[in-house]
Structures are given as C-alpha cells and as structure tokens.
2 protein chains.
Amino acid sequence: MNALGTHILLELHDCDTGLLDDLDHLRSSLMQAAIDVGATIIDDVFHQFSPHGVTGVIAIAESHLCIHTWPEYGYAAVDVFTCGENFKPHKAVKQIVKSVRSNNYKVTEVERGILPALIQTSIR
Amino acid sequence: MNALGTHILLELHDCDTGLLDDLDHLRSSLMQAAIDVGATIIDDVFHQFSPHGVTGVIAIAESHLCIHTWPEYGYAAVDVFTCGENFKPHKAVKQIVKSVRSNNYKVTEVERGILPALIQTSIR
C-alpha cells in the first residue's frame, strides 16, 4: 500500500425509492456495514429532507462513510473512505448496494494521500 | 449541468503541521468556508486523535464537507461535495487550501449523479 487511504465513490442507480427515503433504514444499514468491516464509529449525523431525500455522514476512526439520496431519481451517492491496511471497504460497499436494492451501480476507487515516504517504504 | 452534484477531492500536501493538528482551527475554517459559499449547515462531527490527527465531517443541506489530517506527513484529505447550481464549491476549496497553508495541492472534480433525465434536460 503506497497511499494513506482508499476512497470508494459509489454511484447507486435504479434503487428502491422507498428505501432511499427511509432514514432509519439507511442509518442502520450504513452503521452495520461500518461495524461489520471493523470500523470504530466516532459519531454520525443523518437528516431527512422534505419532501424527500436523506443525507447521512458517519465519522469513523478510519475516516468516513457518507450517503446522499435522491428518491425521485432512484439514485444515491455513497462514499466509503478508509485508512489502514486492515480495513476492507469493498465488503461495506457490497452490503450498502444490497441494502438499497440497486440494480445498476458503479464503483470508483481513488487512492488518497499518495506520499513519497510511503512509496519508498513499499518499494523496500 | 447534467449531474446532480459536484464532488471535489482535494489532496493537500506540504501543509502547516501545527494547523493540521488544531481541531478548533480546522472546524472554524471548514464551517466558515461552507457558510461563505452559501451552504446550509445541518450538523458537524470533529474528533481529535491521539497522538495527532483530526477528522471532521460537516453535513450540509447541499451534501457534505470532510477533512482528515495526518500532521506527521503534512497532509490532509478534504472533500467538498455539493449539489445545486447556485453553489460554487471552488471558492470553498480556495479558502480551505489557504487555511492549512498548503504549498502543494491537487484538485480533482468528479460529477456525481449523472442521470439520463438530466442529460436530456440540458440538451433541450
């Protein structure tokens, strides 16, 4: 690993629109996904918009998870940003995809914090 | 605009290491940047790590701002994710870069929520 963190940007299309507007469901799904991959939860903020849509952010010791939903489009944007080699963010991604029943999704992985010191360490 | 949101991933290198470990400074800088670009703040979570490092997330009605710092490397990862055409995230980015005195930074802009319905609207 030559980066401090792994940031997964998840585009969730064709989701269950009812689930995308259900704050309690989204909060428990993201919290469970974080717990299941061994994250240490610091705190979270979830908010229900009117007439629809939910925003949620979970601060974890290993960075953060976020979700923003647009039920009117069946779409949600999710971020899973983690640091540390023991954390496997793709497991959390799978759970989140399943939790909103997305039938069309895209996963983009971005390395964050690529530092010369880390590259040298991984070459040795 | 043919996407629901604009997500800026900011890699901040060669920062002032003292500022990267100063929770109050980071929180007020990010909150001010959000306010100055017209965001509606929902709530925030900031946490100081031991021996060093800060994590902060701000939920805004227009999505979120996040920061994770590694003072030992002079590095911070910042995200500014906004939706709506009236919001200009690049102004917030400039303020954040300045607030940690980064001498070497990279800005990556990612469109989130590219939907067929929005593309058709923008073509008309």
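The sequence lines fix the lettering, A, B, ..., with proteins before strands; numbering per chain opens at 1. Since we're looking at a predicted model, the values are computed, not measured.
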Visitor: Test of understanding: clusters of I, L, V, M, F, W, Y form through side-chain heavy atoms closer than 4.5 Å, transitively. Do A:Ile67 and A:Leu65 belong to the same one?
Guide: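 Yes; tracing contacts between hydrophobic side chains, which count when under 4.5 Å, links both residues.
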
Visitor: If every non-hydrogen atom of B:Val78 is compared with every non-hydrogen atom of A:Arg112, which pair is closest and at what distance?
Guide: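 Heavy atoms of B:Val78 and A:Arg112 come nearest at O-NH2, 3.1 Å.
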
Visitor: Write out, in numerical order, the residues from residues 7-15 of chain B with a heavy atom short of 4.5 Å from a heavy atom in chain A.
Guide: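 Result: B:His7, B:Leu9, B:Leu10, B:Glu11, B:His13.
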
Visitor: What are the two closest non-hydrogen atoms of A:Leu4 and B:Tyr73, and how far apart are they?
Guide: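 Closest approach of A:Leu4 to B:Tyr73: CD2-CE1, 3.6 Å.
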
Visitor: Which one of A:Val57, A:Asp79, A:Asp43 has the most heavy-atom pairs closer than 4.5 Å to chain B?
Guide: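 Highest number of heavy-atom pairs under 4.5 Å: A:Asp79.
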
Visitor: Between A:Phe49, A:Phe46, A:Tyr75, who has the most heavy-atom pairs with chain B when the cutoff is under 4.5 Å?
Guide: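 Most pairs with chain B among the choices: A:Tyr75.
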
Visitor: For A:His47, which atoms come within 4.5 Å of any heavy atom of chain B: side chain, backbone, both, or neither?
Guide: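 Contact with chain B is through the side chain of A:His47 alone.
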
Visitor: Between B:Phe81 and chain A, with a heavy-atom cut-off of 4.5 Å, which part of the residue counts as in contact: side chain, backbone, both or neither?
Guide: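 Contact with chain A: side chain only.
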
Visitor: Using a cut-off of under 4.5 Å on heavy-atom pairs, state which of A:Ala61, A:Ser63, A:Gly53 scores highest against chain B.
Guide: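 The residue among A:Ala61, A:Ser63, A:Gly53 with the greatest pair count is A:Ser63.
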
Visitor: Determine whether B:Val37 and B:Ile58 fall in the same hydrophobic cluster, where Ile, Leu, Val, Met, Phe, Trp and Tyr are linked whenever their side-chain heavy atoms lie under 4.5 Å apart.
Guide: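 Yes, B:Val37 connects to B:Ile58 through the hydrophobic network.
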
Visitor: Counting only heavy atoms closer than 4.5 Å, note whether A:Thr55 contacts chain B via side chain, backbone, both or neither.
Guide: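 When you check distances to chain B, only side chain atoms of A:Thr55 fall under 4.5 Å.
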
Visitor: Given a strict heavy-atom distance threshold of 4.5 Å, which part of B:Ala76 is in contact with chain A: side chain, backbone, both, or neither?
Guide: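 Neither part; nothing is under 4.5 Å.
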
Visitor: Considering only heavy atoms from C-beta outward, does the side chain of B:Val45 approach that of A:Ile42 to under 4.5 Å?
Guide: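 Yes. Closest side-chain heavy atoms under 4.5 Å.
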
Visitor: Are A:Val110 and A:Tyr105 connected in the hydrophobic side-chain network, where two residues link if heavy atoms are under 4.5 Å apart?
Guide: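 No, separate clusters.
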
Visitor: Check whether B:Val54 gets within reach of chain A through its side chain, its backbone, both or neither, counting any heavy atom under 4.5 Å.
Guide: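 Neither the backbone nor the side chain of B:Val54 comes within 4.5 Å of chain A.
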
